[in-house]
Protein chains: 2
Amino acid sequence: MTGQRGRPRSFDRDAALDAAMRLFWERGYEATSIADLTRELGIGAPSLYAAFGDKRTLFDEVVAAYGARYADFAAVALTEEPSAGAAVRRILREAAAIYTDPAHPKGCMVLSAAVNTASDEVAEALRQRREAGLALFESRIRADVAAGALPAGTDACGLARYVAAVLQGMSQQSRDGAGRKEMEALAEAAMAAWPR
Amino acid sequence: MTGQRGRPRSFDRDAALDAAMRLFWERGYEATSIADLTRELGIGAPSLYAAFGDKRTLFDEVVAAYGARYADFAAVALTEEPSAGAAVRRILREAAAIYTDPAHPKGCMVLSAAVNTASDEVAEALRQRREAGLALFESRIRADVAAGALPAGTDACGLARYVAAVLQGMSQQSRDGAGRKEMEALAEAAMAAWPR
DNA sequence: CGTAATCAATAGTGGTCGCTACAGAATGAA
DNA sequence: TTCATTCTGTAGCGACCACTATTGATTACG
């Protein structure tokens, strides 16, 4: 034992996960059917279920992979940059590029894929991811306030929600067809609100 | 002739339209089924189809009624206020109240009801409404720049997109459960970006 | 080889979708 | 009344949904 007994899988599981990610990213969770997935992945439904479990389990795995590859840029900037202001500036600029990148679907999957879902479980999972991001912004801002890098009276919660709102708006406008230049101009306008 | 021949309608058409609006507003276009509507309205499917046409036609009528009752506040402020800045300040404050009003579903229906729809027609209709709102912001800002009420170098398009993004973010966060106070703090932070 | 194990393809399952044919009930007009 | 008109309720249309039972193909182990 034990060198993989039985008939080997006839498709690349990682590539299939990537294709599923693109579909969910583009159309959202419920608007992407199993038939869409099997057609795009070029496999039969039983193969998909054997490899990934049911639709919701597949989506959970897609979200995890998406987060690691496309959504961590914000958390990275928040830890790498010397100040919350520098981090937010970098995040908004990177978002303008990522949300409009023609190499993949527009906008942020965490923000758009579970809007108007009938079953609450998937919507709740992404909502918690959004709240986690919000908390990340808020704690970094609080740290800067405590360190004196931001004015003492700064409303950390309001400012964090503000940054999150700008990102949400950028995601939706990117999905509505806005280009990178427009999003960079939006980000530029948004940065003017940062406390000085 | 001609005083309404035939059996009279057994329900209030306006009340039914209101109930349909609440469902579409809460769950979105596709997640609201005909069965949901007939159950909530207390009528049979044929009655609904006779009174409103098919689902898409009903939704169009709902969107028109929604726009007149809940979305015109922005256009009103843009014409009533003496400056674009005053209008945007008022719009953000009113949005904080309207988007979180417990008397009706949260957020803005135009921004949320057609996200992730399989059929593009409905999504495109709401997208055009969003772009019309964007154009309204931009033209008001351009007028202020021309009148000298805003700095000559102001990026009207970027600033308009910025305001729209903040509203979109406020709508989504309201739907995610944020309250009026949080949204007012967000709006306050956002106003700091206005050119001075 | 024979056998156990794993995957693939066909062909469905029951359920819900938007929508409607049909027959009966309720009205005004003649 | 008798008739045309308009609405209501039942019952069901074909299409699609997520999902799976079954059968056969393909591998490793002994």
Side-chain angles (χ1 to χ4, degrees), chain A residues 1-17 19-20 23-24 26-63 113-114 116-123 125, chain B residues 1-17 19-20 23-24 26-63 113-114 116-123 125:
Chain A
M1 53 132 105
T2 64
Q4 272 294 82
R5 303 215 304 187
R7 178 173 175 173
R9 180 176 290 128
S10 68
F11 60 95
D12 183 338
R13 194 183 187 279
D14 290 337
L17 192 67
L23 282 182
F24 282 131
E26 177 96 37
R27 312 183 188 181
Y29 176 72
E30 295 214 320
T32 303
S33 71
I34 299 292
D36 291 335
L37 290 163
T38 56
R39 196 183 312 118
E40 188 78 9
L41 275 53
I43 63 177
S47 300
L48 186 147
Y49 279 88
F52 298 104
D54 65 6
K55 187 182 178 184
R56 178 156 139 30
T57 306
L58 166 60
F59 185 70
D60 288 345
E61 191 172 343
V62 162
V63 169
N116 296 331
T117 39
S119 100
D120 294 328
E121 291 182 355
V122 175
Chain B
M1 52 134 117
T2 64
Q4 272 294 83
R5 305 213 305 187
R7 178 174 176 172
R9 180 178 288 127
S10 69
F11 60 95
D12 184 338
R13 194 182 186 279
D14 290 336
L17 192 67
L23 282 183
F24 281 130
E26 178 96 38
R27 312 183 189 181
Y29 176 71
E30 296 215 319
T32 303
S33 71
I34 298 291
D36 291 335
L37 290 164
T38 57
R39 195 182 312 116
E40 188 79 9
L41 275 52
I43 63 178
S47 300
L48 187 147
Y49 278 88
F52 297 105
D54 66 5
K55 186 182 178 184
R56 180 156 133 39
T57 306
L58 166 60
F59 185 70
D60 288 345
E61 190 171 345
V62 161
V63 169
N116 296 331
T117 39
S119 100
D120 294 328
E121 292 183 353
V122 174

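What you see below is based on every heavy atom in this structure, not just the backbone, and it leaves out hydrogens, waters and symmetry mates. Bear in mind the structure is a predicted one, so any value in this text is a computation, not a measurement. Naming: A, B, ... by sequence-line order, numbering from 1 per chain.
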What is the nucleic acid contact for A:Ala51, judged by heavy atoms within less than 4.0 Å: base, sugar-phosphate only, or nothing?
-> nothing
Winner on side-chain proximity to B:Arg5, out of D:dT26, C:dA29, C:dA21, is C:dA29
Which is true for B:Thr38 with a 4.0 Å heavy-atom rule: it touches a base, it touches only sugar-phosphate, or it touches nothing?
-> nothing
Listed nucleotide nearest any side-chain atom of B:Arg7, set C:dC19, D:dT20, D:dT8 = D:dT8
Does the cation-pi check pass for A:Lys55 over A:Tyr49, that is, NZ or CZ under 6.0 Å from the six-membered ring centre and within 45° of its axis?
-> no
Roughly how many Å is it from CG in A:Asp54 to C1' in D:dC19, rounded to a whole number?
-> 9 Å
In whole angstrom, what separates A:Phe59's CZ from D:dA18's C1'?
-> 16 Å
Out of D:dT10, C:dA9, C:dC19, which nucleotide sits closest to the side chain of B:Tyr49?
-> C:dC19
May I have the step-by-step check of side-chain contact (heavy atoms from CB on, under 4.5 Å) for A:Glu26 and A:Leu23, ending in yes or no?
-> CA-CA 5 Å; A:Glu26 177 96 37; A:Leu23 282 182; 5.7 Å; no
Indicate the ring-plane relationship of A:Phe24 and A:Phe59, choosing parallel, tilted or perpendicular according to the 30° and 60° boundaries.
-> perpendicular
From the candidates C:dC19, C:dT6, C:dA26, the one with an atom nearest any side-chain atom of B:Ile34 is C:dC19
From the list D:dC19, C:dA21, D:dT26, which nucleotide is the closest neighbour of the side chain of A:Pro8?
-> D:dT26
Would you mind telling me which of D:dC17, C:dA26, D:dA25 lies closest to the side-chain atoms of A:Ala35?
-> D:dC17
Check whether any side-chain N or O of A:Ser47 sits under 4.0 Å from OP1 or OP2 of C:dC7, and answer yes or no.
-> no
What nucleic acid atoms does B:Thr32 come within less than 4.0 Å of, heavy atoms only: base, sugar-phosphate, or nothing?
-> sugar-phosphate
Would one find a side-chain N or O of B:Ser10 under 4.0 angstrom from OP1 or OP2 of D:dC7?
-> no
Please determine which of A:Glu61, A:Glu121, A:Glu30 meets the salt bridge (Lys or Arg N to Asp or Glu O under 4.0 Å) test together with A:Arg56.
-> A:Glu121
Using whole Å, report how far CZ of B:Arg27 lies from P of C:dC17.
-> 10 Å
